[in-house]
Amino acid sequence: MTPPFLKPLALVADDEDGGRLLLAEAAIVAGFEPLVFDNGLDALEAALTHDVAIVLLDVEMPGMGGFDVCRRIRASKRMSLPIVIVTGHDDKTAINLAFEAGATDFVAKPVNWSLLSHRLAYIVRNADREAKVLTLLEAIPDALWVLSPSGGLRWSQNKLAPDATGLTAVMPESRLAEILETVAQTALDARPRMLTVRDGASGEAPRSAELRFTRCESGDVLVVRQDTSERTAAAQRIEHLAFFDTLTGLPNRQQCGELASRCLEEAATGSQSVAFMYLDLNGFKRINDTFGHSVGDTVLQRVAKILCATLESFVRPALELFLARLGGDEFVIIARHAEARSIALAIAKVVAEELEKPILYGTLEFITALSIGIAVYPEDGRDVETLLKHADTAMYQAKMSGGPKVVVYAPVMSARIRDSLELETRLRRALRDNALALRYQPKFRLTDGVLVGVEALVRWFDPELGEVSPNRFVPVAEESGLIVDIGAWVIRNVAEQLALWNAAGIAVPVAINVSGKELLFADPARVIHAETARTGIPASLIEVEITESVFVTDAIAGRSNVERIRALGCRVALDDFGTGYSSLSYLTKFPPDRLKIDRSFIQNVDQSYSDAAIVRAIMSLAKTLGLLVTAEGLERDGQLRWLKACGCDEGQGYLLARPIAAAELERRFLRPQATQEEIPLIESGPFRVPRR
Ligand code: C2E
Ligand code: MG
Ligand code: MG
């Protein structure tokens, strides 16, 4: 058992009695309790079993010399224990050997005994400081070595293999030569260097580390090894997130695109086919809406599993097959093979069958039947985008038809898209040939049935397509910019019509529809001004119907155009009110003259409690703001009665009058009165319900 020492211990080992005595005395003077030995082995034993503060070793001793004792002590992890070796006079080799063995300091013979005690005290104090630094180094996760230029270990603070004498234990064998070369280079030119190594210790998860090399003042090289495995793993996770769908672990849209284009490249060189299968779950939205997203997510995960399992049964040589999730309930299967088309059909058939079986979730059963569209390279497209689009078109066809679940793409399916291009061409021609026409639909005051104005509605009759609804061609015209010319055409024709009626002594306000696109990108106010001036009619006879969106979007241009139209003396009506946006604040900021309540609210106003509530709310809002209200799309007596009872100002609809040509309008509703200074609005008497 270690006796209880009050002072710090100094271990002294010298085989010569005189030297041993003097060393022990110096230790006592320096404040230590000496433990004295005459041979190396006993000294080593004591150093390893006692908590000594300093070790003083003679070089030559029987059994084990000072260098070996020193080396053994260091090998036992006592890195900061100060070890002083007493060397022969001026023996440079011995001094070098002492440091190589890990000695802290040396004392050359003949020993200056009077100074030795001071020196010992200093060495211990320094060692304390070093111990603190070591504790600090201990706290950082990096491993450190100090190596001689030739790669010999001077010092090490190596957490991964604390007993190892060098880098070998933690460095891949294959990189060792390179690491030693880097040490030598750094010792030579003092330029800091860095190496990245992977797969350090064997038998573990792949690790990566950075090795930094710096030359110390002594000329040795400090090597710091920082474990970057976590950083690398994090980077890999991020990469994974960017390319894989987190819910199912499948490649995501981006990764799908990359895999698919590589597939196409390989198919091109090998003259193979690539089938794109676009899968969409039927009614998935309902599952999500009804049972919540976590149920929806689980269903998607199950579907992904079923798809994977199904595809596994198709794996065979020379077939490249992969599955991706594009997002939502849309999946894509891509197959590259010489016979990709027939393989895709076979896969689609099995997949469709598999997903016809219900998916169980607790007590719930979900049927997630699929619609699948197939497009094949090279016939149906030569790039990923086109192929995906065509597969999607085919899928859509499958979904819409309600018939087959699997549909192979055919060019006619894209006809819809081509249609709009053709429509644009034909519309352009119609406009040029002045082949458009206007119909006028009357609006009546509900209290007394007086015609208060008409709405001009554009009509297009194409010799081949027949009558094309504005609901179909106006969006195409807006898309292509043609709407600007159509708008100008309408204004010109309405102005001319108004001039004719004016000349006949009839003054009837005409409302024209102005598209939001015109307000944003054209100048309808200028056109109205020019046309009213040219035809000599008052602008106050023109009312402009615009939709809510113009007010809601931040389109300053749109608003200022509306203000300029109003400044001409035109009235402004807000069309299709209620369908667009819920924010009504703009109504107070920039009130129109009239609100036209959309047909969809009027349709069941006398039968639906909620529609009735909405219409009542709109009417009371309008009353507060002093606006006129027109109900659109009146088709039944019930609606008319309800609206009259609720005090709605005006009505428009097939029940009262359909859109009709100017001549018919004149004949049925406008009875010119001979000469008038100021032309009153024409009284139409009681409602005339056109016979159908
Ligand atoms: P809108 O401005 O809301 O016009 C009312 C639409 O409802 C007209 O359809 C009209 O024929 C229809 N309608 C009127 N009463 C009834 C009814 O009782 N029942 C039903 N089911 N429908 C009724 P139309 O003429 O097909 O026009 C559709 C839309 O096209 C218009 O909606 C308007 O937004 C746009 N449009 C029409 N002409 C023009 C135009 O000259 N320029 C612009 N920019 N857009 C126009
Ligand atoms: Mg309208
Ligand atoms: Mg409308």
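One-based numbering along the sequence shown. Each ligand, and each atom within it, is numbered from 1 in the order the structure gives.
Within the structure, ligand 1 lacks G487 among the residues with a heavy atom less than 4.0 angstrom away. Remark: distances from the non-hydrogen atoms of E478 to ligand 1 are all 4.0 Å or more. Proximity of E455 to ligand 1 is established by a heavy-atom distance of less than 4.0 Å.
Summary: OD2 is the N/O/S atom of D575 found nearest to the Mg ion (ligand 2). Residue-level check: among N/O/S atoms of E545, OE1 sits closest to the Mg ion (ligand 2). The minimum distance between the Mg ion (ligand 2) and any N, O or S atom of E455 involves atom OE2.
Atoms of ligand 1 found under 4.0 Å from any heavy atom of P659 (numbered from 1 in listed order, with element): 11 (O). Of all atoms in ligand 1, listed by their number and element, those nearer than 4.0 Å to a heavy atom of D576 are 3 (O). Annotation for ligand 1: atoms under 4.0 Å from non-hydrogen atoms of E632 are 3 (O). Distances below 4.0 Å separate heavy atoms of S515 from the following atoms of ligand 1: 44 (N).
Contact check on E650 versus K596 returns no salt bridge, with no Lys/Arg side-chain nitrogen under 4.0 Å from an Asp/Glu carboxylate oxygen.
Selection from Q652, E635, Q441 by nearest heavy atom to atom 15 (N) of ligand 1 gives Q441.
Annotation: Y654 places an N or O atom under 3.5 Å from an N or O atom of ligand 1; distance criterion only. Among the atoms of I483, none of the N or O lies under 3.5 angstrom from an N or O of ligand 1. Looking at ligand 1, you'll find an N or O of R459 within less than 3.5 Å of one of its N or O atoms.
Residue contacts with ligand 1 for V490 involve side-chain atoms from C-beta outward but no N, CA, C or O (heavy atoms, distance under 4.0 Å). Looking at L634 against ligand 1, only its backbone comes within 4.0 Å, counting heavy atoms. Looking at R599 against ligand 1, only its side chain comes within 4.0 Å, counting heavy atoms. Neither the backbone nor the side chain of R658 comes within 4.0 Å of ligand 1, counting heavy atoms alone.
Put simply, NZ on K405 and CG on D280 are 13.5 Å apart, with the number rounded to the nearest 0.5 Å.
Donor-acceptor pairing under 3.5 Å is lacking for the side chains of S540 and R571. Side-chain polar atoms of S294 and D297 form no donor-acceptor pair below 3.5 angstrom. Q607 and W642 share no donor-acceptor pair across their side chains, judged by distance under 3.5 Å alone. For the 3.5 Å distance criterion, the side chains of N513 and E455 qualify, holding a donor opposite an acceptor. With 3.5 Å as the limit, one finds no donor-acceptor pair spanning the side chains of T630 and Q652.
Of all the heavy atoms in D380 and A375, the pair that sits closest is OD2-CA, 3.5 Å. When every heavy atom of D611 is checked against every heavy atom of S600, the shortest pair comes out as OD2-O, 4.0 Å.
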Given the rule in the ring-ring contact (aromatic ring centres under 6.0 Å, His included) test, do F444 and F669 qualify, once you have shown the distances and angles that lead to the verdict? CA-CA 11 Å; F444 298 95; F669 298 103; 5.7 Å; yes
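For the pair T532 (side chain) and I528 (backbone), a donor-acceptor distance under 3.5 Å is present.
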